Amino acid sequence: MNTDVPFDSATYRQVLGHFPTGVAAITAITTDGTPTGMAVGSFTSVSLDPPLVAFLPDKSSTTFPLIRESGRFCVNFLTHEQEWMCRTFATKGADKFAGVTWRPASTTGSPVIDDALGWIDCEIGDIHDAGDHYIVIGEVKDLGVSGRSMPLVFFQGGFGHFSSLTLSSAFDTQLLRELKFAEVARPYVEGLVEDLDVECLAMVRQGEEMLTLASWGGSRERQVPSRVGQRQPLLPPMGALLVAWNGRETIDSWLDLARDDEEEKAVLRSILDRVRDRGWSLGLDSPAQRSFAEAVARVAPEGPTPDQRREMVRIAQTIMTIDSEPERLRPGHLNNVRSISAPVFGPNGGVEMMLTLFGFRDMTTEEIHQQRDRLLATADQVIAAIGGRRPAPVAVR
């Protein structure tokens with residue numbers, strides 16, 4: 001290898017640091033039966049047939065000889081919530097598994113870390129010399145996905161996480177229009193969430209489901225996993241803002257998802273009238289709302305299973321309509337606010353998506369109105385940017 005190069009190692013590190021990498025924990029069981037592991041940012045897939053992967057440990061590593069001796073390893077893709085774990089695995093002499101919960105892989109027995117994004121269980125194949133590193137080829141024996149979060153990313157010498165603006169189904173032609181609008185909304189919403197220290201979701205209606213298309217921000221005090229890609233049934237009383245400006249057929253379909261109770265459907269129709277009149281939406285927190293959110297978080301990106309859908313229907317039927325679109329808010333009264341939403345109207349005057357703010361503390365009615373006004377102003381900016389129009393003037397009250 002020609003080492004006569006016109007740059008120094010610091011320049012090399014600095015330039016290569018501009019390429020973001022994922023972070024993985026390589027784990028194994030040593031010959032004396034104890035778990036060990038190391039953090040790497042140099043994992044890659046190698047071959048599909050046969051299935052091969054690789055990672056590149058530094059020759060100075062004191063952990064790799066233990067992994068090499070075991071003859072097997074498991075690659076664990078770390079989430080941004082596991083940064084602490086990465087730092088522990090990267091520290092020489094540390095108790096690598098202090099506070100780490102795991103289970104043995106069924107094939108090799110190597111540790112599969114709980115809540116990692118995914119894992120790949122391998123036996124060591126070839127090991128190649130590569131300068132001050134080795135290239136370790138892993139023969140894949142088993143693999144799986146075990147978590148739903150955003151990955152831990154290493155970039156320019158620091159850790160961070162991937163903030164997804166779109167979904168893995170970004171090229172679904174049914175979503176291209178909405179994805180474009182979400183990208184247009186991004187600079188306006190980012191300023192809003194930075195000022196208010198909240199999280200904002202862009203949500204769209206797909207048939208009888210709500211889909212979280214994009215996410216921005218998040219309270220500095222309450223870090224939350226990304227909700228991008230979450231699907232949930234469009235169950236009353238939730239989602240009123242997404243159907244309030246639709247025709248009778250859509251509204252009737254939404255109402256039919258409620259209990260077969262004409263009195264309850266009358267209340268839901270009044271909620272739709274209220275949302276159209278206000279031009280915004282308010283949800284108060286309650287145990288039922290929290291239970292529903294937890295049920296949604298368990299749903300895979302492809303949508304709920306029949307059992308999960310039945311569970312969400314059951315929970316939705318316990319959500320009191322008083323907690324969704326309350327008719328009146330008393331001046332000076334503290335309200336436990338769960339969400340404030342505003343519609344984004346497209347060029348044809350229909351609701352293209354709704355922007356929903358989460359992460360509030362208890363707020364007075366006056367504070368709610370202040371946050372509402374900021375959100376509506378942002379929604380108006382987005383509507384103007386996408387060439388949208390409101391279907392009719394709305395009264396804010």
Side-chain angles (χ1 to χ4, degrees), residues 9-10 12-14 16-17 19-44 53-124 127 129-138 141-162 223 225:
S9 60
Y12 182 80
R13 286 176 178 271
Q14 192 267 337
L16 269 294
F19 181 72
T21 63
V23 182
I26 308 297
T27 60
I29 298 295
T30 65
T31 54
D32 66 4
T34 59
T36 190
M38 60 188 298
V40 301
S42 56
F43 168 78
T44 184
V53 297
F55 72 98
L56 283 67
D58 193 302
K59 286 182 177 178
S60 66
S61 169
T62 57
T63 301
F64 176 63
L66 301 175
I67 296 174
R68 184 175 192 170
E69 187 178 10
S70 75
R72 55 198 65 185
F73 63 89
C74 185
V75 183
N76 295 267
F77 305 143
L78 298 183
T79 74
H80 73 278
E81 295 149 321
Q82 294 172 322
E83 179 183 338
W84 66 272
M85 193 181 300
C86 171
R87 294 185 182 278
T88 300
F89 274 72
T91 303
K92 289 186 177 182
D95 181 358
K96 303 294 181 71
F97 280 81
V100 177
T101 55
W102 58 277
R103 62 178 175 81
S106 58
T107 302
T108 70
S110 300
V112 176
I113 295 173
D114 288 353
D115 297 324
L117 278 176
W119 54 273
I120 304 177
D121 194 27
C122 306
E123 291 185 356
I124 293 178
I127 298 179
D129 191 286
D132 55 9
H133 282 65
Y134 294 112
I135 301 175
V136 181
I137 304 297
K141 302 302 177 183
D142 197 9
L143 72 171
V145 176
S146 52
R148 294 185 65 219
S149 185
M150 288 290 107
L152 181 63
V153 175
F154 190 74
F155 178 64
Q156 293 186 355
F159 292 107
H161 68 88
F162 172 66
Q223 295 299 316

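These numbers come from the heavy atoms of this one structure, side chains and all, not from hydrogens, waters or symmetry mates. These figures come from a predicted structure and were not determined experimentally.
Applying the side-chain contact (heavy atoms from CB on, under 4.5 Å) test to D142 and every residue at least two apart in sequence or in another chain returns S106, T107, W119, D121.
The two residues P104 and G109 have their closest heavy-atom pair at CB-O, 3.6 Å. Contact record, I113 with W102: CA-CB, 4.1 Å, taken as the closest heavy-atom pair. Nearest heavy atom pair, residue A54 against residue I135, reads CB-CG2, 4.4 Å. Nearest heavy atom pair, residue S110 against residue T108, reads OG-OG1, 3.0 Å. Of all non-hydrogen atoms in T79 and L117, the two that sit nearest each other are CG2-CG, 3.7 Å. M38 and P57 make their closest contact through CE-CB, 3.8 Å (heavy atoms, listed as atom of the first residue, atom of the second, distance).
Counting heavy atoms from C-beta on, the side chains of I29 and P111 come closer than 4.5 Å. Q82 is listed as a side-chain neighbour of D115, based on a closest heavy-atom distance under 4.5 Å. Put simply, the side chain of I26 reaches to within 4.5 Å of the side chain of V75, judged on heavy atoms. Between L152 and M85, every side-chain heavy-atom pair lies at or beyond the 4.5 Å cut-off. Side-chain atoms of T36 and I67, non-hydrogen and from C-beta on, do get closer than 4.5 Å to each other.
Ring pair F55/F64 is perpendicular by interplanar angle, where above 60° counts as perpendicular and below 30° as parallel.
Taking OG from S60 and NE2 from H133, the interatomic distance works out to 7.5 Å, rounded to the nearest 0.5 Å. Atoms NZ and OG1, on K96 and T91 in that order, are 7.5 Å from each other to the nearest 0.5 Å. Rounded to the nearest 0.5 angstrom, E69 CD and T31 OG1 are separated by 4.0 Å. The CZ atom of R72 sits 16.0 Å away from atom CZ of R68, with the distance rounded to the nearest 0.5 Å. From T27, atom OG1 reaches atom CZ of F73 across 9.5 Å, with rounding to the nearest 0.5 Å. Taken to the nearest 0.5 Å, the CD1 atom of I137 stands 10.0 Å off from the SG atom of C122.
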Please report the C-alpha distance between I120 and F77 in whole Å, then the side-chain angles of each, then the deciding distance to 0.1 Å, and finally whether the side chain to side chain contact (heavy atoms under 4.5 Å, CB included) criterion is met. CA-CA 9 Å; I120 304 177; F77 305 143; 3.6 Å; yes
Walk me through whether I124 and V136 qualify under side chain to side chain contact (heavy atoms under 4.5 Å, CB included). CA-CA 7 Å; I124 293 178; V136 181; 4.2 Å; yes
Criterion ring pair (Phe, Tyr, Trp, His ring centres under 6.0 Å) on F89 and F97, from CA distance to verdict: CA-CA 8 Å; F89 274 72; F97 280 81; 5.2 Å; yes
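The stretch residues 21-34 participates, sequence neighbours left out, in no salt bridge (charged side-chain N to carboxylate O under 4.0 Å, His left out) pair at all.
K59 places a side-chain N or O within 3.5 Å of a backbone atom of G131 that can act as its donor or acceptor partner.
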